[in-house]
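As the structure lists them, so they are numbered: ligands from 1, and atoms in each ligand from 1. Values below: every heavy atom of this structure, side chains too, minus hydrogens, waters and symmetry copies.
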Amino acid sequence: MSPLRLLTLPGDGIGPEITEATVRILHAAAPLLSRELSISRAEIGFPALKAEGTTIPEAVTAAAQKADGVILGPVSHNAYPPVAEGGLNPSGVLRKALELYANIRPARSYDGLPPPTGQAFDLIVARENLEGFYADRNMAQGGGEFMPEPGVALAMRKITEAGSRRIAEAAFKVAQGRTKKHVTAIHKANVMRMSDGLFLDVARDVARGFPDVDYDELLVDAAAAHLVRHPQKFDVLLCTNMFGDILSDLASELSGGLGLAGSLNLGAVHAVAQAQHGSAPDIAGQDRANPTSLILSSAMLLRHLGETRAATAIEAAVTRAIAAEKTRTSDLGGALGTQAYTDILCCYLEESKP
Ligand code: IPM
Ligand code: MG
């Protein structure tokens, strides 16, 4: 059997540390895989910009296309005003080049980390990943934004029937495999009547094809409020691109922090595990970063690639470590650094070996 070929793109800031931790976890879980594991690495972000004049060289995109799966760290150049010229957004480029139209972002409460409401919850944000304000986005040239005259800036938000249909279908399929089997479409169709109107029309049409899944709709502002008040009432949130970006951060913060947020970019052919958070340059290189977001994203990638046993073991190791304060990183009230936390996860994985 051919090996499982994963490509890591560590990125900037805490990216290299959390990627290194993730690679250690993958090797520790390797005995649970159905095939040999082969992990390669390529540079994106500032190291690539310095060496090749772009934050994501074409050769890296080509390598991502050939890999079975990609593990993507955060990059730092995204600030405004831009900190460097030539800075394409690697996640935007990869999402487009690999046609990763769905971004699946689970958020749940953990034993030992009581949620703000006191009620356990378990939800998934299914985020459209290529359209909305992100469509035709090219940070170097402005993309979907322009200034028709000085002092006036316009941004275009693109919603298509085809794009809405495939993310809606993905969301309903995810819901079918869950206990609650409920999809809530998130929108602002009272203001964006045409674009979110189209999104809702398609969501309703797709809902008719899934009679076993409950369906309702919620305005995005109300959804934010309801999420804070009673996250346990949600199951799958079907979102356009930017609403999903925002609500997924909100949901993961309720679960304990952005450092816990798994995220998988999915297309018909390719899949990219991605840390949901940014590059946190303020704590880079200090062994303080919580690598869980990228580790859980990689577990999602393994599950997607059919490696259920390894994925389940990694998730169980994380759940076990987070349950006790003494095995947590500092963002979650513990005292462990990135490496010591990773050591613990590796020990737990070792114990689950066949
Ligand atoms: C995310 C990030 C990206 C996004 C940024 C880095 C462009 O916030 O993956 O959630 O907005 O999609
Ligand atoms: Mg985001």
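Taking the six-membered ring for Trp and thresholds of 30 and 60 degrees, F234 and H230 have ring planes inclined between 30 and 60 degrees apart.
Of all the heavy atoms of R95, the ones lying under 4.0 Å from any atom of ligand 1 belong exclusively to the side chain. When heavy-atom distances to ligand 1 are checked against a 4.0 Å cut-off, N89 comes that close only through its side chain, counted from C-beta outward.
Residue D249 does not count as close to the Mg ion (ligand 2), with no N, O or S atom under 2.8 Å.
If you look at D245 and ask which of its N, O or S atoms sits nearest the Mg ion (ligand 2), the answer is OD1.
A 4.5 Å side-chain heavy-atom check between E58 and V93 finds every atom pair outside the cut-off. L94 is not listed as a side-chain neighbour of N265, based on a closest heavy-atom distance of 4.5 Å or more.
Not a single heavy atom of M242 sits closer than 4.0 Å to an atom of ligand 1. Under the 4.0 angstrom criterion for non-hydrogen atoms, R127 is in contact with ligand 1.
Heavy-atom contacts from other residues, nucleotides or ligands closer than 6.0 Å to CE of M194 number 12 or fewer.
Distance alone, capped at 3.5 Å, is enough to place a donor-acceptor pair between the K181 side chain and the Q176 backbone.
The shortest N or O to N or O distance between D245 and ligand 1 is below 3.5 Å.
With respect to D205 and R165, a salt bridge is recorded, a charged nitrogen being found less than 4.0 Å from a carboxylate O.
Heavy-atom contacts of R105 reach the following atoms of ligand 1: 1 (C), 9 (O), 10 (O) (cutoff under 4.0 Å).
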